[in-house]
Peer 1: 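What follows is a structure written as structure tokens; I'll ask about it next.
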Protein chains: 2
Amino acid sequence: MATLDQIKEKVILHWGEMGSLWGINRTMAQVHALLFLSDEPLCANEIMEELQISRGNVSMALRELISWGLVTRLHIKGERREYYTTEKDVWTMGRIIARERKKREVDPTINMLRESMAELESMSPIEGDYEREQIQNLLNFFETGVEVYKDLEAQKPNSILKLLGTALRVKKFSS
Amino acid sequence: MATLDQIKEKVILHWGEMGSLWGINRTMAQVHALLFLSDEPLCANEIMEELQISRGNVSMALRELISWGLVTRLHIKGERREYYTTEKDVWTMGRIIARERKKREVDPTINMLRESMAELESMSPIEGDYEREQIQNLLNFFETGVEVYKDLEAQKPNSILKLLGTALRVKKFSS
DNA sequence: CTAAGCTTTCAGAATTTATTGAAAGCATGA
DNA sequence: TCATGCTTTCAATAAATTCTGAAAGCTTAG
């Protein structure tokens, strides 16, 4: 029979694998999972021991997680060492991840596509018709995504679900 | 001034980089971009030359793209070699990518979380309270995602946008 | 000021992932 | 049947990414 620690380990390892599929490195995702499942904040040493990784690796993973806004550093008075904790609400967590991925992936892509369109438009219109059309389609796709993202971002965390539920009900009703 | 080929190359290279951030390999994403921007189907040879990659690499990238359902093989009569083309509608493309990523990333995660919950529940309820709660939260989060995904999947490609527009308008109106 | 206790940095090592290219496979047509 | 023209496979290699650990950096206490 599985012990609590074994179950935690399984979740942490799986989260790590998912992380690497998501362009987040394995360790970073593992540290995140560990903190997410931990009732209290942990210090670098504890993370090191739990995950059996080096001090340097812990330091880098934490730096990255902090820069994403997923982890916060806690100064506990009387304590010399720093403690770390993570956002515990899954919806808020999801929103943070969406925000960061948009910033790192979608925004640069939109810039690139806009640039390409501008260049194509200043070119002789004889060639590149199809390319112009397809790049414009891609651009519209991403821009629409950003629109939707912005609207959703303004909502309270878990109202997103209700919102979509409403949308689908309205749709069903009206079609 | 940039030529058409330079612009295409820029888009293809960027798409390749995005691919690797998305757990899709660089070459696979590049081949996809090349076909997406190409008015006519291309054969393996043409892809090889355009992207300056080996025959084997082209073959593997195409196999993967076909297994995702993003690329189709065309037998042109009278022609010995095979031609390849890709889904050209961006919304359909987005839906295919969503479907595949769900299958490869979300479904296994949900299974893992359900398994963990089952194991936690069959354990002594004295310890693991916090872990149980957090794993359940994660599970709910993913399951909600799947619900929404399924509802959206049933819609026509670009009605998704209108749908969300509606939802947001309803929301604004009622709050 | 120095020591102690902790964190960060980063060059090199280890690991993982992607790519090549030669060989094998497969279909067509002579 | 064999040759031709193409595709696929996969072991070896190359490239990219991640991780380690020793050294340097902070900060606080004495």
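Here is the naming used below: chain letters follow the sequence lines, and residue numbers restart at 1 for every chain.
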Peer 1: Could you work out which one of C:dT8, C:dT20, C:dT9 sits closest to the side chain of A:Met60?
Peer 2: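 Minimum distance to the A:Met60 side chain belongs to C:dT9.
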
Peer 1: Send over the distance from A:Arg26 CZ to C:dT15 P, rounded to a whole Å.
Peer 2: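 The distance from CZ of A:Arg26 to P of C:dT15 comes to 13 Å, rounded to the nearest Å.
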
Peer 1: Using the closest heavy atom to pick a nucleotide of DNA chain C for each, name whichever of A:Cys43 or B:Ile24 lands nearer the 5' end.
Peer 2: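 With A:Cys43 and B:Ile24 compared, the 5'-side residue is A:Cys43.
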
Peer 1: Counting just side-chain N and O atoms, does B:Arg55 come under 4.0 Å of either OP1 or OP2 of D:dT7?
Peer 2: yes

Peer 1: Has B:Arg95 got a side-chain atom pairing as donor or acceptor with B:Glu153's backbone, closer than 3.5 angstrom?
Peer 2: yes

Peer 1: Within the structure shown, what part of the strands sits under 4.0 Å from A:Asn25 by heavy-atom distance: base, sugar-phosphate, or nothing?
Peer 2: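 Sugar-phosphate, backbone atoms only, no base.
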
Peer 1: Provide, to the nearest angstrom, the distance between the CE atom belonging to A:Met48 and the P atom belonging to C:dT8.
Peer 2: 13 Å

Peer 1: Grab the CG-C1' distance between B:Leu51 and C:dT20 for me, whole Å please.
Peer 2: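 For the pair B:Leu51 CG and C:dT20 C1', the rounded distance is 15 Å.
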
Peer 1: Between C:dT7, D:dG21, C:dG21, which nucleotide has the shortest distance from any of its atoms to the side chain of A:Arg73?
Peer 2: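 It is C:dT7.
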
Peer 1: Map A:Arg80 and A:Ala44 onto DNA chain C by nearest heavy atom, then report which one ends up closer to the 5' terminus.
Peer 2: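 By nearest-heavy-atom nucleotide position, the 5'-most residue is A:Arg80.
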
Peer 1: Where the side chain of B:Glu82 is concerned, which of C:dC6, C:dT19, D:dT7 is the nearest nucleotide?
Peer 2: D:dT7

Peer 1: What's the CD-P distance between B:Glu17 and D:dA15, to the nearest Å?
Peer 2: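 Taking atom P of D:dA15 as the reference, CD of B:Glu17 is at 16 Å.
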
Peer 1: Considering just the side-chain nitrogens and oxygens of A:Arg63, establish if one lies under 4.0 Å of OP1 or OP2 belonging to C:dT9.
Peer 2: yes

Peer 1: Please determine if a side-chain N or O atom of A:Thr27 lies less than 4.0 Å away from the OP1 or OP2 oxygen of D:dC19.
Peer 2: yes

Peer 1: Over how many whole Å does the gap from A:Glu64 atom CD to C:dT9 atom C1' extend?
Peer 2: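 After rounding, the gap between these two atoms is 14 Å.
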
Peer 1: Any donor and acceptor pair, going by atom type alone, linking the side chain of B:Ser38 with main-chain N or O of B:Leu35 inside 3.5 Å?
Peer 2: no

Peer 1: Please give, in whole Å, the distance from D:dT8 C1' to B:Arg81 CZ?
Peer 2: 17 Å

Peer 1: Would you say A:Lys103 has more than 12 foreign heavy atoms packed within less than 6.0 Å of its NZ?
Peer 2: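 Yes, the 6.0 Å shell around NZ holds more than 12 heavy atoms from other groups.
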
Peer 1: I'd like to know if the side chain of A:Arg73 and the backbone of A:Leu62 have a donor-acceptor N/O pair within less than 3.5 Å.
Peer 2: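 It does not hold such a pair.
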
Peer 1: Taking the side chain of A:Ser59 as heavy atoms from C-beta outward, which of C:dT19, D:dG21, C:dT8 is closest to it?
Peer 2: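 Selected nucleotide: C:dT8.
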
Peer 1: Send over the distance from B:Tyr83 OH to D:dG5 P, rounded to a whole Å.
Peer 2: 15 Å

Peer 1: Please state how far atom CD in B:Glu79 lies from atom C1' in D:dT4, giving the value in whole angstrom units.
Peer 2: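 From B:Glu79 CD to D:dT4 C1': 15 Å.
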
Peer 1: Ignoring hydrogens and geometry beyond distance, is a side-chain donor-acceptor pair present between B:Gln136 and B:Asn140 at under 3.5 Å?
Peer 2: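 Yes - a donor-acceptor pair under 3.5 Å links their side chains.
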
